[in-house]
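Nothing fancy with the numbering, it's 1 onward along the sequence. These numbers were taken from a predicted model, which means no experiment stands behind them.
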Amino acid sequence: MNGLSLSELCCLFCCPPCPGRIAAKLAFLPPEATYSLVPEPESGPGGAGAAPLGTLRASSGAPGRWKLHLTERADFQYSQRELDAIEVFPTKSARGNRVSCMYVRCVPGARYTVLFSHGNAVDLGQMSSFYIGLGSRLHCNIFSYDYSGYGASSGRPSERNLYADIDAAWQALRTRYGISPDSIILYGQSIGTVPTVDLASRYECAAVVLHSPLTSGMRVAFPDTKKTYCFDAFPNIEKVSKITSPVLIIHGTEDEVIDFSHGLALYERCPKAVEPLWVEGAGHNDIELYSQYLERLRRFISQELPSQRA
């Protein structure tokens, strides 16, 4: 998180429209894009050769065909076989931005698909290897998207765009792939918990995972904040009580970016929360390295979700 200048502090308390810009400065750190989406011309049967490593061809059965070009900064850790299990395409948000989407088919016939809203300072290219590993270990498919201004998504990062971006991803997952809400697990990490909580407060789904969540922008910038002001950004604390799906909250006790108290506060406010995972000694970016992370997610998905149809 960046600090606030004196002028920004003055704006915060004197000019309510300004906190949105301050929140953007605090929260959004889009990296240099590690990938691009390139439309693929239609070709006749057998006319397309194997894609080179770093280039992905979407399946011919999906509407629209796109190639994924990964740069070295994506640090892809798998082979062409795993790349072939990924589909990419752009969709459009209600605010007119192009939203890049990625569908990782980890397990044929998987019961659940995880709609993953990633953390800050990364894009789909950097997350692709993690998605393959996570989905394979959880026996779920992974669907993700880049926020406006991240990766190959157009526009600028903002709170309003976050909500429109996840709405576009939700609709694409449901309509393009025919995935029903009771087969979708919403997963938000760090800043990704903001669109996740907003969507989950409006739609019922199979489950929700909040990984290193924040209560609100003001409470991150000013830890002594006790109430939610009308101009506060990212008010997860006011929305989490409206979630009707089971919620698993994960937080490291030594989180140096979003204090552990945020996870505790959301857990106490969330009526649908299951047993949380407090990872002793973990910070903001290393929870995945602890064995209890996967163990808790597996138990949540395989044992604690309400019985579903076969």
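Judged by distance alone, with hydrogens and angles left aside, the side-chain atoms of Ser201 form no donor-acceptor pair with the main-chain N or O of Val240 at under 3.5 Å. No side-chain donor-acceptor contact under 3.5 Å links Ser212 to the backbone of Gln189. Formation of a donor-acceptor pair under 3.5 Å by the Asp286 side chain with backbone atoms of Leu289 is not found in this model. Formation of a donor-acceptor pair under 3.5 Å by the Arg298 side chain with backbone atoms of Arg137 is found in this model. Side-chain atoms of Gln171 never come within 3.5 Å of backbone atoms of Ala168 as a donor-acceptor pair (strictly under, hydrogens ignored). Using modelled atom types, no side-chain atom of His284 and backbone atom of Val257 make a donor-acceptor pair closer than 3.5 Å. With Ser136 contributing its side chain and Gly133 its backbone, the two residues share no donor-acceptor pair below 3.5 Å. Not one N or O on the side chain of Ser183 forms a donor-acceptor pair closer than 3.5 Å with the backbone of Ile179. At least one donor-acceptor pair closer than 3.5 Å links the side chain of Thr253 to the backbone N or O of Gly281.
When the side-chain hydrogen bond (donor to acceptor under 3.5 Å, both in side chains) test is applied to Tyr187, the partners found at least two apart in sequence or on another chain are His211, Tyr293. In this structure Asp123 satisfies the side-chain hydrogen bond (donor to acceptor under 3.5 Å, both in side chains) test together with Thr34, sequence neighbours excluded. Judged as a salt bridge (charged side-chain N to carboxylate O under 4.0 Å, His left out), and not counting sequence neighbours, Glu295 has no contacts. For Ser93, there are no side-chain hydrogen bond (donor to acceptor under 3.5 Å, both in side chains) partners two or more places apart in sequence or in a different chain. Every residue two or more places apart in sequence or in another chain that forms a ring pair (Phe, Tyr, Trp, His ring centres under 6.0 Å) with Tyr131 is listed here: Phe116.
Among pairs with a residue in residues 144-170, those fulfilling salt bridge (Lys or Arg N to Asp or Glu O under 4.0 Å) read Asp167-Arg202, at least two apart in sequence or across chains.
Atom-to-atom distance recorded for Glu204:CD and Asp182:CG is 9.0 Å, nearest 0.5 angstrom. Between Asn285 atom CG and Ser190 atom OG the span is 7.5 Å, to the nearest 0.5 Å. For the atom pair NE2 (His262) and CD1 (Ile249), the distance works out to 13.0 Å, reported to the nearest 0.5 Å. The structure places CZ of Arg111 at 9.0 Å from CG of Leu305, a figure rounded to the nearest 0.5 Å. Between the CG atom in Leu115 and the CZ atom in Phe143 there is a gap of 7.0 Å [rounded to 0.5 Å]. Once rounded to the nearest 0.5 Å, the distance linking CG of Asp198 with NZ of Lys239 reads 3.5 Å.
Side-chain contact between Ile132 and Val104 is present, with at least one heavy-atom pair separated by less than 4.5 Å. Between Val209 and Ile185, some side-chain heavy-atom pair lies under the 4.5 Å cut-off. Looking at heavy atoms from C-beta onward, Trp66 lies out of side-chain contact with Val38 at the 4.5 angstrom threshold. Within the 4.5 Å cutoff, side-chain heavy atoms of Leu266 are placed close to those of Ile237. The shortest side-chain heavy-atom distance between Tyr112 and Ser302 does not fall under the 4.5 Å cut-off. Within the 4.5 Å cutoff, the side chain of Ile184 has heavy atoms near those of the Trp170 side chain. Within the 4.5 Å cutoff, side-chain heavy atoms of Tyr177 are placed close to those of Glu87. The shortest side-chain heavy-atom distance between Gln77 and Asp75 falls under the 4.5 Å cut-off.
Exactly one residue among Ile166, Val208, Ile243 makes a side-chain contact (heavy atoms from CB on, under 4.5 Å) with Leu199. That residue is Ile166.
Taking each heavy atom of Glu275 and Leu248 in turn, the nearest pair found is O-CD1, 3.4 Å. Across all non-hydrogen atoms, the minimal contact from Cys101 to Leu124 is C-CD1, 4.1 Å. Of all heavy-atom pairs spanning Ser117 and Thr196, the tightest one is OG-OG1, 3.5 Å. Closest non-hydrogen pair, Gln126 versus Val122, comes out as OE1-CA, 3.1 Å. Annotation for Cys140 and Cys106: closest pair O-CB, 3.3 Å, computed over non-hydrogen atoms. Residues Arg269 and Pro271 share a closest heavy-atom pair of O-CD, 3.3 Å.
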- Message: Walk me through whether Tyr145 and Tyr147 qualify under ring pair (Phe, Tyr, Trp, His ring centres under 6.0 Å).
- Response: CA-CA 7 Å; Tyr145 64 102; Tyr147 314 127; 5.5 Å; yes

- Item | Val279/His251 under side chain to side chain contact (heavy atoms under 4.5 Å, CB included): CA gap, chis, key distance, verdict | CA-CA 6 Å; Val279 185; His251 215 121; over 6 Å; no

- Item | side-chain hydrogen bond (donor to acceptor under 3.5 Å, both in side chains) between Asn141 and Arg105, intermediate numbers included | CA-CA 5 Å; Asn141 293 326; Arg105 296 181 184 272; over 6 Å; no

- Task: List the steps and the verdict of side chain to side chain contact (heavy atoms under 4.5 Å, CB included) for Asn97 and Lys92.
- Result: CA-CA 6 Å; Asn97 291 328; Lys92 183 167 283 190; over 6 Å; no

- Item | Criterion side-chain hydrogen bond (donor to acceptor under 3.5 Å, both in side chains) on Ser144 and Tyr103, from CA distance to verdict | CA-CA 7 Å; Ser144 191; Tyr103 186 40; over 6 Å; no

- Message: Please evaluate residues Leu37 and Phe89 with respect to the criterion side chain to side chain contact (heavy atoms under 4.5 Å, CB included), reporting the C-alpha separation (whole Å), side-chain torsions for both, the decisive distance (0.1 Å), and the verdict.
- Response: CA-CA 7 Å; Leu37 303 186; Phe89 63 92; 6.0 Å; no

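For His69 and Ser36, the side-chain atoms include no donor-acceptor pair closer than 3.5 Å. Side chains of Thr193 and Asn236: a donor on one and an acceptor on the other come within 3.5 Å. A donor-acceptor contact closer than 3.5 angstrom is absent between the side chains of Ser180 and Arg174.
A cation-pi arrangement is not found for Lys67 relative to Tyr35, the charged atom failing to lie both closer than 6.0 Å to the ring centre and inside a 45° cone about the ring normal.
One hydrophobic cluster, built from ILVMFWY side chains closer than 4.5 Å, holds both Phe260 and Tyr267. Linking ILVMFWY residues whenever their side-chain heavy atoms come closer than 4.5 Å, directly or via other members, leaves Leu134 and Val107 in distinct clusters.
For Glu280, the CD atom counts as loosely surrounded, since its 6.0 Å shell holds 12 or fewer non-hydrogen atoms of other residues, nucleotides or ligands. When the shell of 6.0 Å around CZ of Arg73 is examined, it contains more than 12 heavy atoms from other residues, nucleotides or ligands.
A salt bridge links Glu304 with Arg296: at least one charged nitrogen is closer than 4.0 Å to a carboxylate oxygen.
The aromatic rings of Phe28 and Tyr150 sit perpendicular, their planes meeting at an angle over 60°, well past the 30° parallel limit.
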